[in-house]
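Have a look at the structure below before the remarks.
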Amino acid sequence: MALPVERPLTDVLQPSLLAGGGPLVVQIHRALRTLILETILLPWQTLSEKDVAACLEVSKTPVREAIIRLSEEGLVTVVPKSRTYVAPINLDRFMEGCFVRLQLESGAAKRAAEERSLEDVCNLKACLARQEEVIAAEDYTAFRHLDEEFHFLVIEAAKLPGVIQLLETAKVEIDRIRSLKQRLNIRATDRVLAQHRSITSAIADKDPAKAEEAMRAHLGSIETKVWELGENPEFWALFEAINRERPRFRLSA
């Protein structure tokens, strides 16, 4: 197993990452957040305001504000008068995220079956069709994005848009661990797609109990999630290696 190598900021941070629109601080936060969640920026990697600003060709002020937001999410650690770095993956927060996600999304699926419109059902089925296409093309990165979209569509069908932001914050460690699994080609796309179909069917049939049950079966219990982490030695070796603080070497004066 080849371990991920910490890449220089100049290799991963480019001005083109800020082409998404919106206030500059939002664009910077979104770019850094995505790179952290996808484990392109690794735990313990230094994120100095000066270097990030230089790479993105922006001033330090919006970078500082973006880093503050990331620290509030637990993705960045700021040590005053020392350094700022990507926070290690926290297993306690991973389990908390699993708990929050299970409770909120199972409830959302139940409500979606009660509140859904015909348009909501069409959107869910269209998402399933796109999932089938990318699986056939073996585009698993696209599938991961469509997986996210599917869950957000369920919440939208439940008429609970504010829950999306709560989940985005709660599941950051889930996303980072999922990124590590993708590096090792650990996936269950066919099973996930089948479960998505069951959830969609229950919502379309306006069966709240079945929709809630299908979502709970899809997400699994916290105990199941913890067991899954340890049952693959290759994943656990990668997790420990990537999460271990690496020595910092300083040039002598």
Closest approach of [X] to [Y] (non-hydrogen atoms, all atoms of both residues):
{"X": "N90", "Y": "E173", "answer": "N-OE2, 3.1 Å"}
{"X": "A19", "Y": "Q27", "answer": "N-OE1, 3.8 Å"}
{"X": "Q45", "Y": "L9", "answer": "NE2-CD2, 4.0 Å"}
{"X": "C55", "Y": "P15", "answer": "O-CD, 3.4 Å"}
{"X": "A87", "Y": "G74", "answer": "CB-O, 3.4 Å"}
{"X": "C98", "Y": "I174", "answer": "N-CD1, 3.6 Å"}

Above 12 or not: heavy atoms from other molecules or residues under 6.0 Å from [atom1] of [X]?
{"X": "E119", "atom1": "CD", "answer": "no"}
{"X": "F99", "atom1": "CZ", "answer": "no"}
{"X": "E213", "atom1": "CD", "answer": "no"}
{"X": "K171", "atom1": "NZ", "answer": "yes"}

Is any side-chain heavy atom of [X] less than 4.5 Å from a side-chain heavy atom of [Y]?
{"X": "R144", "Y": "R178", "value": "yes"}
{"X": "S48", "Y": "T84", "value": "no"}
{"X": "F235", "Y": "R183", "value": "no"}
{"X": "L18", "Y": "I28", "value": "yes"}
{"X": "L180", "Y": "I186", "value": "no"}
{"X": "R83", "Y": "L47", "value": "no"}
{"X": "L91", "Y": "F239", "value": "yes"}
{"X": "I135", "Y": "D190", "value": "yes"}

Do side-chain atoms of [X] reach the backbone of [Y] as a donor and acceptor pair under 3.5 angstrom?
{"X": "T34", "Y": "R30", "value": "yes"}
{"X": "R116", "Y": "I203", "value": "yes"}
{"X": "Q165", "Y": "P161", "value": "no"}
{"X": "T39", "Y": "L42", "value": "no"}

Out of curiosity, does [Y] fall in the hydrophobic cluster containing [X] (side-chain heavy atoms, cut-off under 4.5 Å, transitive links)?
{"X": "F94", "Y": "L184", "value": "yes"}
{"X": "V25", "Y": "I67", "value": "no"}
{"X": "I68", "Y": "I36", "value": "no"}
{"X": "V76", "Y": "V52", "value": "yes"}
{"X": "M215", "Y": "V100", "value": "no"}

From [X] atom [atom1] to [Y] atom [atom2], the distance as rounded to the nearest 0.5 Å:
{"X": "R216", "Y": "L102", "atom1": "CZ", "atom2": "CG", "result": "4.5 Å"}
{"X": "I155", "Y": "F150", "atom1": "CD1", "atom2": "CZ", "result": "11.0 Å"}
{"X": "N123", "Y": "S117", "atom1": "CG", "atom2": "OG", "result": "7.5 Å"}
{"X": "N185", "Y": "E234", "atom1": "CG", "atom2": "CD", "result": "9.0 Å"}
{"X": "C127", "Y": "E149", "atom1": "SG", "atom2": "CD", "result": "4.0 Å"}
{"X": "R197", "Y": "L124", "atom1": "CZ", "atom2": "CG", "result": "13.5 Å"}

Where do V134 and T189 land on the side chain to side chain contact (heavy atoms under 4.5 Å, CB included) test, with the steps shown first? CA-CA 10 Å; V134 298; T189 48; over 6 Å; no
Just do the side chain to side chain contact (heavy atoms under 4.5 Å, CB included) check on L32 and L13 with the steps written out, would you? CA-CA 8 Å; L32 292 174; L13 288 180; 3.8 Å; yes
Does a side-chain N-to-carboxylate-O contact under 4.0 Å join E105 and K110? no
Check R64 with E49, please: is the shortest side-chain N to carboxylate O separation under 4.0 Å? yes
In terms of the angle between their ring planes, are H196 and H218 parallel, tilted or perpendicular, with boundaries placed at 30° and 60°? perpendicular
When you compare the side chains of S201 and S198, does any donor N or O come within less than 3.5 Å of an acceptor on the partner? no
Establish, from distance only, whether the side-chain atoms of T169 and E72 form a donor-acceptor pair under 3.5 Å. no
For K60 and D51: C-alpha separation, side-chain torsions, deciding distance, then whether salt bridge (charged side-chain N to carboxylate O under 4.0 Å, His left out) applies. CA-CA 9 Å; K60 291 196 295 183; D51 291 344; over 6 Å; no
Is there a side chain to side chain contact (heavy atoms under 4.5 Å, CB included) between R33 and V172 once you walk through the steps? CA-CA 9 Å; R33 189 179 193 273; V172 290; 3.3 Å; yes
List the steps and the verdict of side chain to side chain contact (heavy atoms under 4.5 Å, CB included) for V79 and Y85. CA-CA 8 Å; V79 182; Y85 57 89; 3.9 Å; yes
Let's go through E156 and H151 carefully: what are the C-alpha distance in whole Å and the side-chain angles of both, what is the deciding distance for side-chain hydrogen bond (donor to acceptor under 3.5 Å, both in side chains) to 0.1 Å, and is it a yes or a no? CA-CA 9 Å; E156 289 178 357; H151 285 268; over 6 Å; no
